[in-house]
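Scroll down for the structure; my scribbles are underneath it.
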Number of protein chains: 2
Amino acid sequence: MDQDTIDQPILAGTASPLQIDLARRILERIRDSGWAVGTRISVPDLARTFGVSRSPVSAALELLVAQGILNAFETRGLQLARDVAELAPEDVLPSSPLEDLYRRMMKDRSQGELPQDVSEAELMPRYQVSRGVIRKLLLRFAAEGLVQRLPGHGWRFAESLVGDDAYRESYEFRIAVECAALRSPMFRADPQLLAPVRRAHERILSTLLDGKTLASGDEWFRVNASFHEGLAACSGNRFLADAVRQQNNLRRLQESAGFEQLPGERLEQSCREHLAILDAVEAGEIEWAEALLRQHLRQASEFASPQRSP
Amino acid sequence: MDQDTIDQPILAGTASPLQIDLARRILERIRDSGWAVGTRISVPDLARTFGVSRSPVSAALELLVAQGILNAFETRGLQLARDVAELAPEDVLPSSPLEDLYRRMMKDRSQGELPQDVSEAELMPRYQVSRGVIRKLLLRFAAEGLVQRLPGHGWRFAESLVGDDAYRESYEFRIAVECAALRSPMFRADPQLLAPVRRAHERILSTLLDGKTLASGDEWFRVNASFHEGLAACSGNRFLADAVRQQNNLRRLQESAGFEQLPGERLEQSCREHLAILDAVEAGEIEWAEALLRQHLRQASEFASPQRSP
DNA sequence: CTGTGCTTTTCATTTACATAAAATGCACTA
DNA sequence: TAGTGCATTTTATGTAAATGAAAAGCACAG
């Protein structure tokens with residue numbers, strides 16, 4: 001077992017993006033479910049959960065085996081080999097080259113090193129990759145609404161979230177949509193949906209109260225997203241839920257540029273506000289919940305916006 | 001000049017989708033600007049307007065020449081050859097094969113002839129086209145939020161608007177978003193944006209009052225979409241505008257199934273309601289406009305929904 | 001009856017090359 | 001000075017074969 005712990009770049013070459021992605025999600029799932037060491041890992045079960053066939057799941061589990069997180073279970077099958085509560089997925093798993101490029105392009109754009117209008121042929125030599133890769137990336141950007149095809153040649157980056165305007169607009173949109181979700185006549189606080197969200201918040205809060213900082217900035221982002229998306233999902237309106245999810249995708253773009261490392265206290269406050277909103281929702285006090293949510297978003301907006309001064 | 005009038009399928013083979021699209025937009029522009037016969041047509045001007053180079057514009061104009069709509073201007077250049085006020089663009093121009101396929105797939109899906117989950121390899125033989133074409137179409141659907149990539153293999157169509165639930169949810173969403181657009185602090189009724197919308201409505205209204213029916217069902221759909229999108233665009237909030245546009249895309253998927261041929265009187269009423277809202281907006285009476293819009297959407301919802309009974 | 005491990009089949013992506021289309025530049029004209 | 005017409009360059013798209021990855025099937029163990 002080599003060195004037992006972290007040696008990432010090994011065998012990073014052989015693993016599809018899907019496999020890496022699955023490995024990360026499986027690891028998160030193991031952690032969040034709090035399974036004990038020795039628990040048997042079922043491939044078909046995971047395959048069902050993530051909506052794929054068993055092949056990529058098996059490959060993903062192999063990655064985890066190579067990291068010493070899983071090991072063989074008696075004669076066949078796999079089991080959990082160690083406690084993963086303290087493990088940060090990104091430290092353990094190789095990152096997909098595609099994902100890296102994605103972030104790199106995003107960063108380059110948000111720092112103005114890429115012009116607003118680009119051509120595929122211009123990007124190919126810049127990032128030393130084939131056209132297919134470039135296309136794939138651009139398509140992903142496009143799916144997230146960050147980039148558009150121009151008629152004729154070229155692509156244009158959205159004005160995106162550069163500039164205070166976009167920030168204001170984003171928060172205005174979120175207030176409109178999320179409050180509408182709460183007010184929806186079909187709104188119903190689904191415990192199955194909200195309980196994990198609450199747990200995640202409590203976990204973070206206790207980490208903070210221990211004086212520790214979060215393992216990764218990404219973690220708060222994900223929990224935050226799960227809160228807003230979970231609330232929207234309770235509206236029973238797929239369009240409201242989709243809109244919230246879409247906004248979160250956009251925001252992820254922003255964060256990964258490296259801006260907005262929230263200070264611990266602000267983070268703690270956000271966490272408490274989320275919990276208060278959950279309390280109100282679960283108690284059926286929807287109007288109060290809406291007021292809290294509106295206030296929460298407004299504050300978040302004020303906190304985020306003055307990052308850049310004009 | 002052959003037969004002077006309409007002979008569509010001729011030389012439909014040689015013309016890129018962009019060229020055909022431009023030809024249609026140019027024709028609409030000529031019609032909506034009300035230029036007189038003999039007006040000179042400037043290529044660079046059109047190229048600027050549509051944000052492309054002169055090449056595709058020239059090619060598009062050639063298409064119009066072939067239809068007898070333009071002809072040579074003295075020694076060089078082109079001029080408007082005939083009155084186009086009564087011309088329906090779709091009768092004159094060849095339709096791009098890509099566009100046809102797009103509509104066909106949409107229709108097939110909305111009539112349930114395509115399953116929700118599809119693979120590229122399944123579509124290729126079905127529509128007798130290469131993978132590239134299929135990809136292009138799927139990507140277009142994806143950009144409109146109508147289809148999603150599945151992890152692993154295949155694509156999944158959005159739940160779309162099948163079922164009464166989806167209808168209700170769609171209208172709830174639109175009410176939330178469009179009303180938020182009106183209430184936005186940055187809302188500003190932009191005449192440049194709204195004037196063409198108003199003109200289009202007036203044109204339709206006068207057509208109806210003449211006792212005629214609309215040239216194509218598509219026409220009302222486009223005008224209706226331009227109204228709602230135009231209003232949202234005035235909010236100065238790109239996210240609100242995008243959300244409205246996306247809803248319209250979804251609705252188009254629905255309509256193309258051939259449902260919902262609105263009766264003339266309902267159509268006339270919708271038209272008048274739109275105009276009333278425009279009046280209110282342009283007079284700065286935003287609250288009144290919002291009330292009208294909310295009512296308008298609610299009525300439209302009631303009209304559309306009982307189409308299918310459970 | 002479910003899960004595993006392996007094999008086979010299906011599907012998607014990649015690569016390189018050929019072709020089509022759009023953008024650009026320039027000489028010339030009104 | 002802006003516009004046309006044509007030539008050139010740049011850019012993107014289409015095609016086909018090869019590779020790689022995921023899905024589906026099957027025999028067997030618990």
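Reminder, nothing fancy here: chain letters follow the sequence lines and each chain counts from 1.
- In this structure, B/Leu101 atom CG and D/dG14 atom P are separated by 12 Å, rounded to whole Å.
- For A/Arg104, the salt bridge (Lys or Arg N to Asp or Glu O under 4.0 Å) test picks out no residue, with sequence neighbours left out.
- Closest heavy-atom contact between B/Asp117 and B/Leu150: OD2-CD1, 3.8 Å.
- Partner B/Leu101 forms a side chain to side chain contact (heavy atoms under 4.5 Å, CB included) with one of B/Ile134, B/Val129, B/Leu123 and no other, that one being B/Val129.
- Within the structure, salt bridge (Lys or Arg N to Asp or Glu O under 4.0 Å) contacts touching residues 14-23 of chain A (residues at least two apart or in different chains) are A/Asp21-A/Arg24, A/Asp21-A/Arg25.
- The shortest non-hydrogen separation linking A/Leu80 to A/Ile69 is CD1-O, 3.7 Å.
- One atom, CZ of B/Arg40, and another, P of D/dA2, lie 14 Å apart when rounded to the nearest Å.
- Contact check of residues 43-52 of chain B against DNA chain C (heavy atom, cut-off under 4.0 Å) returns B/Val52.
- Computed from C1' positions of five pairs at each end, the angle between the two local axes of the helix from C/dC1-D/dG30 to C/dA30-D/dT1 equals 60°, rounded to 10 degrees.
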How would nucleotides 25-30 of chain D be written as a contact map, 5' to 3', with B for base contact, S for sugar-phosphate-only contact and - for no contact, using protein heavy atoms under 4.0 Å? B---S-
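- Within the structure, the ring pair (Phe, Tyr, Trp, His ring centres under 6.0 Å) test picks out the following pairs touching residues 99-120 of chain B (sequence neighbours left out): B/Tyr102-B/Phe141.
- Every residue meeting the side-chain contact (heavy atoms from CB on, under 4.5 Å) condition with A/Ala243, not counting sequence neighbours, appears here in chain and number order: A/Phe173, A/Val177, B/Phe173.
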Under the criterion side chain to side chain contact (heavy atoms under 4.5 Å, CB included), I'd like the reasoning laid out for B/Phe157 against B/Met105: C-alpha separation, chi angles, the key distance, then a yes or no. CA-CA 11 Å; B/Phe157 278 94; B/Met105 269 183 71; 4.3 Å; yes
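- In this model, the phosphate group of D/dA22 is approached by a side-chain N or O of A/Ser16 to a distance below 4.0 Å at OP1 or OP2.
- The salt bridge (Lys or Arg N to Asp or Glu O under 4.0 Å) check on B/Arg126 picks up B/Asp108, with sequence neighbours excluded.
- Evaluation of the salt bridge (Lys or Arg N to Asp or Glu O under 4.0 Å) rule for B/Arg149 yields no partner, not counting sequence neighbours.
- The existence of a salt bridge linking B/Glu229 and B/Arg222 is excluded, since no basic side-chain nitrogen approaches an acidic carboxylate oxygen closer than 4.0 Å.
- Residue B/Leu150 contributes atom CG, which lies 14 Å from atom P of D/dA22 at whole-angstrom precision.
- If you measure from atom CD1 of A/Ile134 to atom P of D/dT11, you get 13 Å, rounded to the nearest angstrom.
- Between A/Ala59 and B/Gly77, the residue anchored closer to the 5' end of DNA chain D is B/Gly77, taking for each the nucleotide with the nearest heavy atom.
- Contacts of A/Ile41 with the nucleic acid, taken as non-hydrogen atoms under 4.0 Å apart, involve only primed sugar atoms and P, OP1 or OP2.
- If you measure from atom CD of B/Gln19 to atom P of C/dA23, you get 11 Å, rounded to the nearest angstrom.
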For nucleotides 8-15 of chain C, give me one character per nucleotide, 5' to 3': B if any protein heavy atom sits under 4.0 Å from the base, S if the only such contacts are to the sugar-phosphate, - if neither. ---BBB-S
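- Between B/Val65 and B/Asn71 there is no side-chain heavy-atom pair separated by less than 4.5 Å.
- In this structure, CG of A/Asp117 is placed 12 Å from P of C/dA23, rounded to the nearest angstrom.
- Atom P of nucleotide D/dT13 and atom CG of A/Leu138 are separated by 11 Å, given to the nearest angstrom.
- Minimum atom distance to the side chain of B/Ser55 is reached by C/dA22, of the listed D/dA21, D/dT4, C/dA22.
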For residues 34-50 of chain B, which side-chain N or O atoms pair as donor and acceptor with protein atoms under 3.5 Å away, sequence neighbours left out?
{"from": "B/Thr39", "atom 1": "OG1", "to": "B/Ala36", "atom 2": "N", "distance (Å)": "3.3"}
{"from": "B/Thr39", "atom 1": "OG1", "to": "B/Ala36", "atom 2": "O", "distance (Å)": "2.6"}
{"from": "B/Ser42", "atom 1": "OG", "to": "B/Asp45", "atom 2": "N", "distance (Å)": "3.2"}
{"from": "B/Thr49", "atom 1": "OG1", "to": "B/Asp45", "atom 2": "O", "distance (Å)": "2.8"}

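- Counting to the nearest Å, the C1' atom of D/dA12 and the CG atom of B/Leu18 are 12 Å from each other.
- Taking A/Arg131 as the reference, A/Glu120 meet the salt bridge (Lys or Arg N to Asp or Glu O under 4.0 Å) condition, with sequence neighbours excluded.
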